[in-house]
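Both backbone and side-chain heavy atoms feed into the values below; hydrogens, waters and symmetry mates do not. Computed from a predicted structure; not experimentally measured. Counting convention: from 1, in listed order, for ligands and their atoms alike.
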Amino acid sequence: MNCSDAKKEILRVISQVEPRELPKLIDWMKNSDDLDDYLIDNQKVILENIAEDLRTCLPLEAMFSSERLAIQMTQQNPKPTIHVDAFLYDDEAVDLLCEEGKMSRNYCLSCGSQTTAPLEFISHSFSILELQFLFQHVLPDLTGKIVVDVGSRLGAVLYGGYMYSSASRLVGVEISAEFVQLQSMAVEKYGFSDRIQVIHADICTQAALLQEADVLIMNNVFEYFLDLNGQMLAWQYICQNFRKKNSLLVTVPSIQEAFTKLKGNDCVVDICQYFEEVTVNIDAYLSKDSDADSFKQIHLYRVL
Ligand SMILES: C[S@@+](CC[C@H](N)C(=O)[O-])C[C@H]1O[C@@H](n2cnc3c(N)ncnc32)[C@H](O)[C@@H]1O
């Protein structure tokens, strides 16, 4: 049966359902797991394939030993914390790793006993669900726009933007040579080089790029990777150069939260003069797969 015939057949069946039964049927079509295998989108499959490729190139913790500051900061967290990259490992993959004994969601409070507490998980990448939410719901139509991901790491934002938006250019700027190499490999393998470019550089050398960007993405970019003074200087540089009126800035966490940690530093930037927050309506998007808590961390601002 071709698509057009299938549509007619579905409508025919629906038209025969008793009116009082119809809401139940519609609810089943929208929310039941029974249809999951049929509803999986092709873009998601490609992103999952990229994640699978990248997993084979990285240790389980998806960090390189050269990331000394990030490793040290993770270890210094008040609660025992592990890095699980959300682009590489979704909840199901984490469950599987736990079953196989390769990962744990808990740590032992008194060695040898069964008293355990949950570990803190942090991720240095967006998950595929977050990318879908970001490009299909948070951001407007990006046709003809330039998106810059500050600290593009595995390239998750770039691939997500390629799949879920019509942005004409997606540029990743990454300071770590090892991650640039991984991104370049994926961009070439999946034939993304017509719209994706990866630059190996400190964002604080990219004034021209920041000046032409229409959308800037900053996902937890500095917190684990720069000391407080370095973070402040990087923010200052971005505020001075990302100035195109009505351009959009996406941050995780909110700018306010990022700046709270920088308070007391001599050169705190007055963000109110640069950006205004745009409300993101999460409720309109939530589906059974979505993760409201992680979506709430995504903040959108307009350049004034
Ligand atoms: C939390 S990851 C962001 C990952 C990615 N943007 C995403 O959302 O999936 C932060 C990345 O920023 C990089 N980074 C930190 N400071 C940077 C800087 N000044 N210039 C360029 N990249 C930087 C780090 O090496 C790290 O890979």
Engineer: Would Asp202 count as a polar contact of ligand 1, with the cut-off being nitrogen or oxygen pairs under 3.5 Å?
Structural biologist: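 Such a contact does occur with ligand 1.
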Engineer: Does the gap between the ring centers of Tyr190 and Tyr162 come in under 6.0 Å?
Structural biologist: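 When the ring centroids of Tyr190 and Tyr162 are compared, they turn out to be at least 6.0 Å apart.
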Engineer: Relative to the heavy atoms of Val157, which atoms of ligand 1 are at a distance of less than 4.0 Å?
Structural biologist: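 Within the 4.0 Å cut-off of Val157, ligand 1 contributes 7 (C), 8 (O).
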Engineer: Any chance the side chains of Thr143 and Asp141 put a donor and an acceptor closer than 3.5 Å?
Structural biologist: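 Per modelled atom types, Thr143 and Asp141 side chains form a pair under 3.5 Å.
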Engineer: Would you mind running through ligand 1 and noting each atom that sits below 4.0 Å from a heavy atom of Val173?
Structural biologist: 21 (C), 22 (N)
Engineer: Using the six-membered ring of Tyr89, assess whether NZ or CZ of Arg55 lies under 6.0 Å from its centre and within 45 degrees of the ring axis.
Structural biologist: yes
Engineer: Indicate if Leu96 and Phe121 have the same hydrophobic cluster label, given that clusters are the connected sets of ILVMFWY residues with side-chain heavy-atom separations under 4.5 angstrom.
Structural biologist: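 They do not share one cluster, since no chain of ILVMFWY contacts under 4.5 Å joins Leu96 to Phe121.
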Engineer: Does Ser125 approach ligand 1 within less than 4.0 angstrom via side chain, backbone, both or neither, non-hydrogen atoms only?
Structural biologist: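 Both backbone and side chain.
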Engineer: Between Phe225 and His124, is the gap from one ring center to the other below 6.0 Å?
Structural biologist: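 Judged by ring-centre distance (under 6.0 Å), Phe225 and His124 do meet the cut-off.
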Engineer: Considering only non-hydrogen protein atoms, determine which one is nearest to atom 4 (C) of ligand 1 and report residue, atom name and distance to 0.1 Å.
Structural biologist: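 Answer, as residue, atom name and distance: His124 O, 2.9 Å.
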Engineer: His200 and Glu174: side-chain donor and acceptor closer than 3.5 Å?
Structural biologist: no
Engineer: Got the closest protein heavy atom to atom 3 (C) of ligand 1, with its distance?
Structural biologist: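 That would be Gly151 O, 3.1 Å.
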Engineer: Any N or O on Ser152 sitting closer than 3.5 Å to an N or O of ligand 1?
Structural biologist: no
Engineer: Nearest to atom 14 (N) of ligand 1, what protein heavy atom do you find, and at what distance?
Structural biologist: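 Residue, atom and distance for the closest contact: Ile175 CG2, 3.9 Å.
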Engineer: Applying a 4.0 Å heavy-atom criterion (strictly less than), which segment of Phe126 is in contact with ligand 1: side chain, backbone, both, or neither?
Structural biologist: both
Engineer: Please list, in number order, the atoms of ligand 1 under 4.0 Å from a heavy atom of Ala156.
Structural biologist: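 By the 4.0 Å cutoff, the relevant atoms are 9 (O).
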Engineer: Would you mind listing which atoms of ligand 1 come within a distance below 4.0 Å of any non-hydrogen atom of Arg153?
Structural biologist: 2 (S), 4 (C), 26 (C), 27 (O)
Engineer: At a non-hydrogen distance cut-off of under 4.0 Å, which region of Cys204 contacts ligand 1 (side chain, backbone, both, or neither)?
Structural biologist: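 No part of Cys204 comes within reach of ligand 1.
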Engineer: Please work out which of the three classes, parallel, tilted or perpendicular, describes the rings of Tyr159 and Phe192, given edges at 30° and 60°.
Structural biologist: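 Correct class here is tilted.
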Engineer: Can you name the atoms of ligand 1, numbered from 1 with element, that are less than 4.0 Å from a heavy atom of Asn220?
Structural biologist: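 Answer, ordered by atom number: 1 (C).
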Engineer: Would you say Asp149 has any N or O atom under 3.5 Å from an N or O of ligand 1, going by distance alone?
Structural biologist: yes
Engineer: Run the numbers for me: atoms of ligand 1, each under 4.0 Å from some heavy atom of Val221, listed by number.
Structural biologist: 10 (C), 12 (O), 15 (C)
Engineer: Which residue owns the protein heavy atom closest to atom 27 (O) of ligand 1, what's the atom, and how far is it?
Structural biologist: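 For atom 27 (O) of ligand 1, the nearest protein heavy atom is Glu174 OE1, 2.8 Å.
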Engineer: Give the contacting part of Asn219 toward ligand 1: side chain, backbone, both or neither, where contact means a heavy-atom distance below 4.0 Å.
Structural biologist: both
Engineer: Step by step, work out the salt bridge (Lys or Arg N to Asp or Glu O under 4.0 Å) result for Arg169 and Glu212.
Structural biologist: CA-CA 11 Å; Arg169 271 177 72 202; Glu212 64 173 345; 3.3 Å; yes
Engineer: Evaluating non-hydrogen atoms only, which member of Tyr159, Tyr237, Phe222 is closest to atom 16 (N) of ligand 1?
Structural biologist: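 Considering heavy atoms of Tyr159, Tyr237, Phe222, the nearest to atom 16 (N) of ligand 1 sits in Phe222.
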Engineer: Any sub-3.5 Å donor-acceptor pair from Glu223's side-chain atoms to Asn220's backbone N or O?
Structural biologist: no
Engineer: State, with a plain yes or no, whether a side-chain heavy atom of Leu210 is found less than 4.5 Å away from one of Ile203.
Structural biologist: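 The answer is yes, as the side chains (C-beta and beyond) meet within the 4.5 Å cut-off.
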Engineer: What atoms in ligand 1 come closer than 4.0 Å to a heavy atom of Ala201?
Structural biologist: 20 (N), 21 (C)
Engineer: Quick one: side-chain contact (heavy atoms from CB on, under 4.5 Å) partners of Leu22, sequence neighbours excluded?
Structural biologist: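 Leu22 satisfies side-chain contact (heavy atoms from CB on, under 4.5 Å) with Ile14, Val17, Leu25, Ile26 once adjacent residues are dropped.
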Engineer: Specify the protein heavy atom at minimum distance from atom 20 (N) of ligand 1: its residue, its atom name, and the distance to 0.1 Å.
Structural biologist: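 Going atom by atom, the protein heavy atom closest to atom 20 (N) of ligand 1 ends up being Ile203 N, 2.9 Å.
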Engineer: Evaluate the criterion side chain to side chain donor-acceptor pair (under 3.5 Å) for residue pair Ser66 and Glu178; output intermediate values, then yes/no.
Structural biologist: CA-CA 9 Å; Ser66 55; Glu178 288 152 307; 2.7 Å; yes
